[in-house]
Amino acid sequence: MLFRGPAPAKVLRIGSTHAQTDGAWMVTFETDEGTFALPSTLVAAVIRHSTHEADFLAGVLRELGWDKLRLPAAFLLDFAALMELWFWEWQGLRPLLPDNVPTFAEAKKSLSERAAKGPQEFAGPDAQPLSRQIFDVWVDNFAWDARDQFGGDLIVKQDDEGEFVDSMAEFLWEHRNQLTHLLGNQETQP
C-alpha cells in the first residue's frame with residue numbers, strides 16, 4: 001500500500017499533479033471520489049529513498065561493468081529492488097520481513113530467469129513486480145528516515161505495538177540512571 005487509511009476507489013487517471021510549496025512536495029491523484037493527496041512526509045521520504053537507491057544501483061552497475069549497457073527501465077527497477085532486498089538481508093532484517101517477501105536467492109533466480117527470456121519480459125505496466133513489492137514493504141514496515149538518521153534501516157511494525165511499548169518501558173527502566181544524568185536538573189519523577 002502506498003498510503004494508510006481507506007483506499008480511494010478506482011483511480012480515474014494515472015496522471016497526478018505535483019507542486020513544490022514551502023519546500024515540501026505535494027502529490028495528488030484524481031479519483032472518482034475526488035482528489036486524494038499523499039502526505040508530504042511520504043513524498044519527501046520516497047524522493048530521498050529513491051535517490052539513495054538510484055545511487056546504490058549506479059554503483060553496483062559500475063562494479064559489474066553494466067553501466068554502459070542499455071537495459072530496460074523495468075529491469076533496472078527490479079534489479080534495484082533485488083539490491084535492496086540483499087541489503088536488508090545483509091543487515092540481518094530477513095526474519096522481520098513479511099512472509100510473502102522472497103529471499104534474495106529466490107528473487108535473484110526469478111529476475112535471472114525473466115532476463116534470460118528477453119526484454120519483452122520487462123514491458124508493460126506490470127513488468128516490475130519485485131520493485132512494487134519491495135517498495136510497498138518499505139513504505140508499510142520501515143522507518144522512512146532511518147537511513148539518513150541512523151545509517152541503516154529500521155523496521156517499525158504496527159502489529160508489534162504492544163511489544164514495542166513493553167520493550168521501550170524496559171529500556172527506559174534499565175537506563176533510568178543514564179537518562180537522569182542526561183536530563184540534568186529536569187524533573188525525572190512524576
Side-chain angles (χ1 to χ4, degrees), residues 1-5 7 18 20 23-27 37-64 66-67 71 73-112 114-115 122 126-175 178-179 182:
M1 302 270 320
L2 188 59
F3 50 85
R4 303 230 186 270
H18 61 278
Q20 188 173 12
W25 283 92
M26 184 173 104
V27 176
L38 294 176
S40 61
T41 53
L42 173 59
V43 174
V46 168
I47 291 169
R48 281 192 312 277
H49 183 74
S50 299
T51 301
H52 287 298
E53 293 306 303
D55 291 344
F56 184 64
L57 178 61
V60 169
L61 293 174
R62 265 191 308 277
E63 286 298 315
L64 293 173
W66 294 3
D67 54 328
L71 298 166
F75 171 82
L76 292 172
L77 288 170
D78 268 5
F79 192 73
L82 181 68
M83 294 298 94
E84 183 160 27
L85 186 55
W86 170 83
F87 189 61
W88 291 345
E89 289 188 11
W90 178 79
Q91 292 178 92
L93 300 176
R94 175 80 236 166
L96 302 172
L97 296 176
D99 294 336
N100 66 335
V101 176
T103 65
F104 170 75
E106 293 166 342
K108 178 181 169 187
K109 181 179 183 226
S110 175
L111 184 61
S112 295
R114 289 178 60 219
F122 301 98
D126 296 324
Q128 63 275 358
L130 183 63
S131 177
R132 288 175 189 239
Q133 182 182 22
I134 296 299
F135 178 77
D136 287 348
V137 168
W138 177 77
V139 168
D140 289 342
N141 296 281
F142 284 77
W144 299 338
D145 295 325
R147 280 191 191 170
D148 290 337
Q149 295 185 8
F150 304 119
D153 288 311
L154 175 66
I155 292 182
V156 182
K157 289 187 172 185
Q158 287 186 347
D159 58 330
D160 293 338
E161 186 174 333
E163 185 179 330
F164 173 75
V165 170
D166 290 344
S167 297
M168 183 60 78
E170 183 179 325
F171 173 82
L172 292 173
W173 181 254
E174 287 177 6
H175 296 89
Q178 292 92 340
L179 293 171
L182 288 174

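Here Leu93 contributes atom CG and Leu85 contributes atom CG; the two are 10.5 Å apart, rounded to the nearest 0.5 Å. Considering CD of Gln133 and CG of Asn100, their distance stands at 5.0 Å, rounded to 0.5 Å. Annotation: the span from Leu96 atom CG to Asn141 atom CG amounts to 9.5 Å, rounded to 0.5 Å. Between Leu82 atom CG and Leu111 atom CG the span is 6.0 Å, to the nearest 0.5 Å. Here the CZ-CG distance, from Arg62 to Leu57, works out to 9.5 Å after rounding to the nearest 0.5 Å. With rounding to the nearest 0.5 angstrom, the NE2 atom of His49 is 12.0 Å from the CH2 atom of Trp144.
Between Trp88 and Ile155, every side-chain heavy-atom pair lies at or beyond the 4.5 Å cut-off. Contact check for Ser131 versus Glu53: no side-chain heavy atoms found under the 4.5 Å cut-off. Residues Leu154 and Gln149 form no side-chain contact, since every pair of their non-hydrogen atoms from C-beta on lies 4.5 Å or further apart. Side-chain atoms of Ile134 and Val101, non-hydrogen and from C-beta on, do get closer than 4.5 Å to each other. Here the side chains of Leu130 and Pro102 are in contact, with some heavy-atom distance below 4.5 Å.
The number of heavy atoms from other shown groups lying within 6.0 Å of CD (Glu174) is above 12.
Using the six-membered ring where Trp is involved, Phe87 and Phe56 have ring planes that are tilted, between 30° and 60° apart. Between Phe75 and Phe79, the ring planes are parallel. Angles under 30° get that label, and only those over 60° would be called perpendicular.
Between the Thr51 side chain and the Ile47 main chain, a donor and an acceptor come within less than 3.5 Å of each other. Side chain of Gln91 to main chain of Gly152: no donor-acceptor pair is present (N/O by atom type, distance under 3.5 Å, no hydrogens or angles).
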Next on the checklist: Before you tell me yes or no, could you show the steps for Leu77 and Phe135 under side chain to side chain contact (heavy atoms under 4.5 Å, CB included), namely the whole-Å CA-CA distance, both residues' side-chain angles and the distance that decides it to 0.1 Å?
Outcome noted: CA-CA 10 Å; Leu77 288 170; Phe135 178 77; over 6 Å; no

Point to revise | side chain to side chain contact (heavy atoms under 4.5 Å, CB included) evaluation trace for Met83 with Phe104 | key: CA-CA 8 Å; Met83 294 298 94; Phe104 170 75; 4.1 Å; yes

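A salt bridge links Arg147 with Glu84: the closest approach of a Lys/Arg side-chain nitrogen to an acidic carboxylate oxygen falls below 4.0 angstrom.
Scanning all heavy atoms of the two residues, the minimum distance from Arg114 to Pro129 falls at NH1-CD, 3.7 Å. The two atoms that bring Arg94 and Thr103 nearest to each other are NH1-CA, 3.3 Å, heavy atoms only.
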